[in-house]
Each structure stands twice: as structure tokens, then as C-alpha cells.
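For reference, the structure is listed below as C-alpha cells.
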Amino acid sequence: MNINLEEKFAARYHKNADAVYFTPGRVNLIGEHIDYNGGLVMPCAITLGTWVAIAPNNENKLRFKSLNFEIETAVESNRVNQKDGGLWTNYPIGVINEFIKDGKEIPGLDFLFYGNIPIGSGLSSSASIEIATAYALNNYFNLGYDKLELVKIAKRVENDFIGLNSGIMDQFAVAFGEKNKAIVLDCETLKYKMVDVDLGNYVLAIINTNKPRELADSKYNERVAECQTALKQLNEEITLHYLCELNAEKFALHSHLITNEVILNRATHVVKENDRVHLAAKALNSGNLEEFGRLMYASHESLRTLYEVSGKELDAVVDFCITYEHVIGARMTGAGFGGCAIALLEKGYEEDFAKHLTDYYIDKIGYPAAIYISEIGSGPYLTTDTHR
């Protein structure tokens with residue numbers, strides 16, 4: 001963090017913060033659009049994230065301020081509060097509501113948030129704020145929740161309070177992330193295993209296309225429906241609950257049942273992408289980054305041509321990466337139609353990569369992308385503690 005949040009807290013609230021906590025954002029390394037088809041995802045925490053400083057007050061108020069937003073809010077403590085439009089403060093308020101409904105007492109507190117995750121880019125800034133709030137309160141007041149309980153609380157906030165019908169991967173990834181490890185997660189059962197990710201002489205470049213993801217929700221729902229159509233047609237001959245119960249070999253035996261070419265393309269991506277997650281885990285376990293990079297490129301090509309959820313902005317980034325000799329793998333990450341791509345970039349070439357990609361992207365798209373360099377980071381932790 002390149003700012004002193006404790007100094008900023010003292011300037012805003014005219015007192016010292018008691019504690020400062022950090023929670024990361026996340027990227028999905030591979031395994032896209034298969035979580036709702038019974039497949040595996042492979043997210044990891046990143047070193048971009050959300051910091052929150054807190055201190056008690058004697059006014060029975062919960063006051064929320066941020067260095068990223070001008071809007072600030074104060075609500076009554078120890079009562080369930082209503083959502084306030086589309087404001088960022090709904091995320092911490094929603095978390096506190098869940099604690100209160102669960103019988104916990106949250107007295108007056110002052111909060112100051114700061115995040116360096118680009119908003120709306122698909123790196124889970126909302127999940128990061130939710131888990132940052134939940135983790136901080138759980139630790140500060142010794143509320144006794146384990147990490148999985150905090151994840152489920154944050155998901156309820158997203159689904160029921162914010163009103164977004166999202167899955168659990170984002171909250172899970174930011175809470176369970178470990179340094180230099182990826183999570184192979186079954187979003188349905190929540191069974192998971194950690195996979196070592198030794199990037200060696202490489203770093204994770206995160207490229208924000210700076211394109212709003214306005215199509216993502218409608219196209220997401222459309223893809224879900226298309227996958228359900230494929231599943232229904234396959235079930236005329238075999239019994240499946242999810243497309244990802246098939247591997248590519250078994251799928252080939254029954255794919256003739258899917259009569260529409262577009263639906264067949266969607267199902268083909270789903271099955272092969274799930275296979276790629278298994279292959280990616282094997283590659284990382286054996287330290288074969290080149291193979292992992294090849295799988296990243298294959299994932300993007302499938303999302304581009306079969307699932308059709310990338311777009312010219314994301315494709316421009318990956319097309320550049322293919323030609324840049326110091327990148328060994330790249331792909332879109334997230335729902336698509338904007339948001340971010342990721343690339344495995346050789347250390348020492350960060351500035352050169354940023355310059356040449358920026359020139360290429362402006363030439364193709366007309367405006368610059370934003371480029372962030374990250375390592376694979378850890379889940380939430382206490383950074384500063386003065387109250388004990």
C-alpha cells in the first residue's frame with residue numbers, strides 16, 4: 001500500500017485507528033463459465049486488495065468513509081439497516097446486518113476503506129470489501145466465525161442484500177487464498193484443494209481493458225440457458241446433472257444428440273474447459289509453466305470462438321500477448337465482454353510490456369488499457385493492531 005491509512009484515518013476521524021486489515025482481490029487463472037455447469041474453477045488471491053482501518057466511537061453510529069469514494073454514510077449500530085441505492089457502503093452495511101441477524105452485537109465503529117483494485121474490472125472488489133469487513137469485525141470482536149462461515153455470510157450479502165445472483169467463487173477465493181497457491185474449487189460442493197504455483201521468473205500481469213462490462217449479465221444468463229438446453233438433449237440418452245460430469249472423450253460419444261451448432265459449441269467449451277482445469281493443476285504441480293501458459297491460450301481461444309464471451313478488447317490484449325516473446329500465456333478472466341485479461345510475463349519486462357501493449361491497444365481500440373503487476377497473494381490478515 002503506497003498510502004498511510006493510519007494517518008488518513010487520524011485526519012478523517014481526529015483519533016487513531018485501533019486496527020488495520022487487508023483482504024485481496026482475485027483472478028480466475030483458468031476454468032471460465034463452467035462453475036454453473038458443475039465444473040472446477042482455479043482462482044487465486046492477488047496482491048491488489050482492500051484495506052480497512054477501524055476504531056470504536058461512543059455515538060452508537062457506524063460511520064463509513066473511503067479514500068476511493070466521496071460518498072460517506074453513517075447508520076445506527078446494533079440494528080438492521082436498509083440498502084441505500086447503489087452506494088459502495090451497502091457492502092459493509094450488508095455484512096453487519098448479517099452479523100446482527102445472527103445475534104451479534106456491533107457497537108459504534110468508525111471505518112476507513114482504501115482499495116487499489118480497479119472498480120468494475122472483474123477482480124472482485126465487492127467481494128474484497130465484504131470479506132474485509134467480515135474478517136475485521138470477526139477478528140476485532142472475537143465473534144468466532146470460521147473462514148467458510150464468513151464466505152457464506154458475504155455471499156448472502158451479495159445475493160440477498162445487494163441483489164446480484166452471483167456464485168461463491170469470489171468470496172471463497174479472497175478468503176481462502178494463500179501466497180503462491182491457487183485453489184481448485186468445486187463451487188457446488190465447496191470441496192477444494194490448494195495447488196502450488198511457482199511463477200519462478202514470471203509475474204502475473206493484469207490488464208484492465210477499461211471497457212464497461214454492460215453485456216456480461218444478459219449474456220451470462222443466455223449462456224446458462226444454452227447449457228441447460230445442451231444438458232437436456234444429452235439426457236435423452238444418458239443421465240447427467242451437469243455437463244462437466246463428462247470429459248471430452250465421453251462427450252464425443254454423445255455430442256450427436258445436440259443438434260444446434262451454437263448449443264454444441266457452448267457444450268464443447270464447457271467440457272473441454274473443465275478438462276483444462278485438471279490439466280492445468282497437473283502442469284502446476286510438475287512446475288511446467290510453459291504447459292500452463294499453453295492451456296491459458298487454449299482457454300481464451302475457446303471462450304472467443306465457442307463460447308463467444310470475449311470481445312474485441314480482450315482479444316486485442318491476448319493477440320498482443322501471443323506476439324510478445326516474454327509472455328508465455330494469456331487469457332480473459334471473468335464473465336467477459338470487458339473486464340480483465342491476465343498474462344504470465346517474464347520479470348524485468350514489465351515496463352517494456354506496458355509500453356508496447358499500450359501502443360498496440362490504442363491503435364486497435366482507440367483508448368489505453370490499464371496494466372497492473374501482481375503476485376499471487378494471501379487471504380485476509382491483520383496488518384496493524386494497537387487495541388490489544
Side-chain angles (χ1 to χ4, degrees), residues 28-43 122 155 158-160 163-170 172 184-191 211-280 295-315 318 331-339 341:
N28 191 27
L29 293 174
I30 199 164
E32 216 66 74
H33 281 279
I34 57 173
D35 54 332
Y36 51 85
N37 288 296
L40 301 175
V41 293
M42 189 188 283
K155 183 178 182 294
E158 197 80 48
N159 296 163
D160 302 335
L164 292 177
N165 188 26
S166 55
I168 204 168
M169 178 182 74
D170 294 354
F172 197 100
V184 178
L185 171 66
D186 183 325
C187 294
E188 189 72 21
T189 66
L190 299 187
K191 291 181 179 178
K211 181 185 188 300
R213 295 161 60 229
E214 67 268 7
L215 287 175
D217 289 344
S218 63
K219 293 295 183 180
Y220 180 94
N221 293 334
E222 185 179 292
R223 294 299 178 273
V224 172
E226 289 166 340
C227 291
Q228 289 300 311
T229 298
L231 185 66
K232 183 178 179 180
Q233 292 178 350
L234 288 167
N235 273 324
E236 292 174 6
E237 190 171 275
I238 54 178
T239 301
L240 297 170
H241 295 99
Y242 296 105
L243 289 177
C244 288
E245 292 172 34
L246 297 173
N247 60 25
E249 184 179 357
K250 290 179 181 177
F251 177 68
L253 297 175
H254 304 285
S255 59
H256 63 275
L257 295 165
I258 303 174
T259 54
N260 180 281
E261 183 180 1
V262 171
I263 302 298
L264 178 61
N265 285 344
R266 307 298 190 243
T268 301
H269 163 75
V270 167
V271 171
K272 290 189 174 181
E273 181 78 351
N274 195 52
D275 284 354
R276 277 188 285 270
V277 176
H278 292 283
L279 293 171
L295 292 164
M296 291 175 71
Y297 280 133
S299 172
H300 184 83
E301 184 62 21
S302 181
L303 289 157
R304 177 191 224 168
T305 60
L306 297 178
Y307 221 65
E308 298 183 276
V309 291
S310 59
K312 64 180 182 179
E313 296 83 6
L314 288 163
D315 291 343
V318 175
R331 64 183 291 274
M332 60 159 275
T333 184
F337 301 104

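Heavy atoms only: backbone and side chains are in, while hydrogens, waters and symmetry mates are out.
Remark: C227 SG to E222 CD distance equals 11.0 Å, nearest 0.5 Å. With values rounded to the nearest 0.5 angstrom, K232 atom NZ is found 12.0 Å from I263 atom CD1. Here the OH-CG distance, from Y36 to N221, works out to 9.5 Å after rounding to the nearest 0.5 Å. Note: L295 CG to H278 NE2 = 12.5 Å, rounded to the nearest 0.5 Å. Here E188 contributes atom CD and I168 contributes atom CD1; the two are 10.5 Å apart, rounded to the nearest 0.5 Å. How far NE2 of H254 is from CG of L234: 8.0 Å, rounded to the nearest 0.5 Å.
Using modelled atom types and a 3.5 Å distance limit, the side chains of S299 and R276 yield no donor-acceptor pair.
Nearest approach of M296 to L29, heavy atoms of both residues: CG-O, 4.4 Å. In plain terms, the two heavy atoms of V277 and M42 that are nearest each other are O-CE, 3.8 Å. The nearest pair of heavy atoms linking A248 to V271 is N-CG1, 3.5 Å. Considering every non-hydrogen atom in both T259 and Q233, the closest pair reads N-OE1, 3.5 Å. Of all non-hydrogen atoms in D35 and C187, the two that sit nearest each other are CB-SG, 3.8 Å. Summarising the geometry of M332 relative to V309, their closest heavy-atom pair is SD-O, 3.9 Å, with the distance given to 0.1 Å.
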Go through N265 and E226 one step at a time and tell me if the side-chain contact (heavy atoms from CB on, under 4.5 Å) criterion holds.
CA-CA 10 Å; N265 285 344; E226 289 166 340; over 6 Å; no
Evaluate side-chain contact (heavy atoms from CB on, under 4.5 Å) for L246 paired with I238, printing each intermediate quantity in order.
CA-CA 11 Å; L246 297 173; I238 54 178; 4.1 Å; yes
Please evaluate residues Q228 and L231 with respect to the criterion side-chain contact (heavy atoms from CB on, under 4.5 Å), reporting the C-alpha separation (whole Å), side-chain torsions for both, the decisive distance (0.1 Å), and the verdict.
CA-CA 5 Å; Q228 289 300 311; L231 185 66; 4.1 Å; yes
For V270 and Y242, what are the C-alpha separation, side-chain angles and deciding distance, and is it a side-chain contact (heavy atoms from CB on, under 4.5 Å)?
CA-CA 10 Å; V270 167; Y242 296 105; over 6 Å; no
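Annotation: side chain of K155 is not in contact with side chain of F172 (no heavy-atom distance under 4.5 Å).
Shown are R304, E32, R331; of these, the side chain to side chain contact (heavy atoms under 4.5 Å, CB included) with S310 is made only by R304. Applying the side-chain hydrogen bond (donor to acceptor under 3.5 Å, both in side chains) test between E308 and each of K219, H269, R266 identifies R266 as the sole match.
At distances below 3.5 Å, at least one donor-acceptor pair connects side-chain atoms of T333 with backbone N or O atoms of N28. A donor-acceptor pair under 3.5 Å links the side-chain atoms of E273 to the main chain of G31, judged by distance alone. Panel note: side chain R223, backbone Y307; a donor-acceptor pair is recorded below 3.5 Å. In this structure, D186 contributes its side chain and G38 its backbone to no donor-acceptor pair below 3.5 Å. In this structure, S302 contributes its side chain and A298 its backbone to no donor-acceptor pair below 3.5 Å. Side-chain atoms of N37 do not come within 3.5 Å of backbone N or O of G39 as any donor-acceptor pair.
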